[in-house]
Amino acid sequence: MISQILMIVTLVSIWLSLIMELIVISSATLFWLKKSQEATIVKKLKRYPLITIVVPAHNEEIVISQTVRAILNLNYPADKIELLLFADNCQDDTYQIMQQVKNLPEYQTRKIQLIRRQGTGGKAGVLNDALKLAHGEYLGIYDADAIPEKNALYFLVAKVLEDPARQIAAFGRNKTRNARQNFLTKYINQEIVVTQRIQHVGLWNLFKIGRIPGTNFIINRQFVEKIGGWQNGALTEDTDISFKIMQSGKLIALAYNSEAFQQEPESLKSYYYQRKRWAKGNYEVVISNFKHLFDLSNWRVKLETFYYVCTFFWFNAAIILSDFIFLANVVFLLISTFIPGIVLPFTFSDSNIYIAQLLLFNWMIMILLYLLQISLAMATQFGQMTSEQIWLALASYFTYTQLFIAVSVAAVTSVTIDKLFHRQGNNWVKTKRFNN
Amino acid sequence: MDLTSTFFTIALIITEIFVVITLILFICYLIILFRVNKNFGKVKK
């Protein structure tokens with residue numbers, strides 16, 4: 001009886017995640033069927049609002065020069081861009097390099113302000129300081145390693161201007177600029193492309209739900225002031241502010257063709273610390289927003305909270321349990337070669353063999369959907385859908401995705417210890433940059 | 001018909017629905033992939 005209940009719970013878990021995936025992929029597919037026929041048009045905007053672009057940089061001497069130049073060369077009227085460059089608690093030459101770029105003859109007429117900052121609060125702290133200095137109607141945020149494509153800002157502004165009263169912010173996407181560096185960056189590239197081309201697109205197309213990313217987005221300055229700015233010291237200040245925007249009933253619009261190029265971690269250690277920070281930040285946001293599942297909050301907040309709760313708690317727990325069952329059976333199988341007669345702890349009997357077969361079949365659909373969403377996401381990027389990507393996707397299902405389980409277990413443990421012992425665990429571990 | 005077989009029948013129908021949707025999505029993916037569109041990925045001014 002217990003085994004049957006367990007199997008039914010397992011099957012329902014798989015179904016729920018399958019339903020969620022199918023809804024999002026279907027929505028994204030409809031979007032791309034339509035958009036793949038349309039040309040991208042860059043025409044003159046009705047108006048060009050002043051944009052204050054903020055670049056928080058903490059020891060970013062390797063990448064800062066390229067980013068600042070790319071921002072200053074954006075296809076947007078030069079007099080409508082105010083640039084705030086923050087050298088935040090830097091021990092390297094970030095500030096000096098910013099100064100060098102500012103002093104270049106071609107940028108003499110540009111509104112550029114350099115700020116050497118020694119305060120606390122991490123990136124959110126920098127953004128709050130920028131809020132006090134900014135004059136722009138919108139704030140544009142670019143991380144120090146995010147090189148915007150020439151029309152990136154144009155597409156963001158064009159998107160918010162479609163409905164400025166409701167679309168309070170717009171976000172683009174970040175392409176991996178070191179995607180071909182090694183296996184890890186290839187996997188990360190696939191993950192990011194799927195997140196942006198399937199998850200973001202699917203959710204926006206169907207529910208008008210958007211998520212503020214860490215970089216390449218604009219947001220109405222007055223609105224940010226009204227909600228009290230960014231949460232100082234938050235590990236994922238972007239998720240936090242996304243929930244606040246949705247709570248207010250406003251929209252975070254997707255400007256799907258606004259692109260920036262960002263560096264991703266090239267070593268496992270760097271990946272681990274970055275993802276652990278993200279996972280911890282997201283867990284904290286989910287925990288603090290959990291109450292909204294049961295109150296009179298905006299339906300988008302409820303849907304997002306439900307999505308995060310399922311992904312971060314339910315499905316993660318299910319995967320960990322399934323890995324545990326698999327490993328336990330493997331261990332018992334090894335022992336049985338030395339001590340005959342030992343029975344495997346988790347097996348199916350004759351009574352539930354049909355449900356077992358069904359489970360296996362549903363799992364296969366899950367893998368197929370996983371491959372399909374990667375293939376679909378890659379197909380939306382000109383020239384990226386190659387046979388190598390399919391083999392990579394298949395390999396990543398059994399390798400790269402399992403890495404995240406280790407990260408999420410570490411993050412849950414860390415959050416739990418923080419809560420139990422009132423530990424200040426929000427140490428911002430900076431993502432390591434690579435000179436390539 | 002006992003509870004287990006009822007559940008199995010329902011589960012089978014749900015699984016079949018998933019298979020059909022996945023197949024439709026696969027066809028759509030092929031359309032997107034093979035759609036010869038010279039505008040795709042280009043910017044017009």
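Remember, it's a predicted structure, so these values are computed and weren't measured experimentally. Letters A, B, ... mirror the listed sequences (proteins, then strands); counts begin at 1.
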Next on the checklist: Can you confirm if the aromatic rings of H200(A) and F171(A) lie within a centre distance of less than 6.0 Å?
Outcome noted: yes

Checklist entry - Side chain, backbone, both or neither: which part of L12(B) has a heavy atom under 4.5 Å from chain A? => result both

Item to check | Side chain, backbone, both or neither of L25(B) within contact of chain A (heavy atoms, under 4.5 Å) | outcome: both

Checklist outcome for this item: From the list T29(A), L30(A), L358(A), the residue making the most non-hydrogen contacts under 4.5 Å with chain B is L358(A)

Next on the checklist: Taking side chain as everything from C-beta outward and backbone as N, CA, C, O, which of these in I365(A) sits under 4.5 Å from a heavy atom of chain B? Side chain, backbone, both or neither.
Outcome noted: side chain

Checklist entry - Is there a salt bridge (Lys or Arg N to Asp or Glu O under 4.0 Å) between E259(A) and K150(A) once you walk through the steps? => result CA-CA 9 Å; E259(A) 297 178 339; K150(A) 215 165 172 49; over 6 Å; no

Item to check | Polar contact flag, side-chain donor to acceptor under 3.5 angstrom, Y187(A)-T401(A) | outcome: no

Checklist entry - With a 3.5 Å cut-off and no angle check, do the side chains of Y154(A) and E149(A) form a donor-acceptor pair? => result no

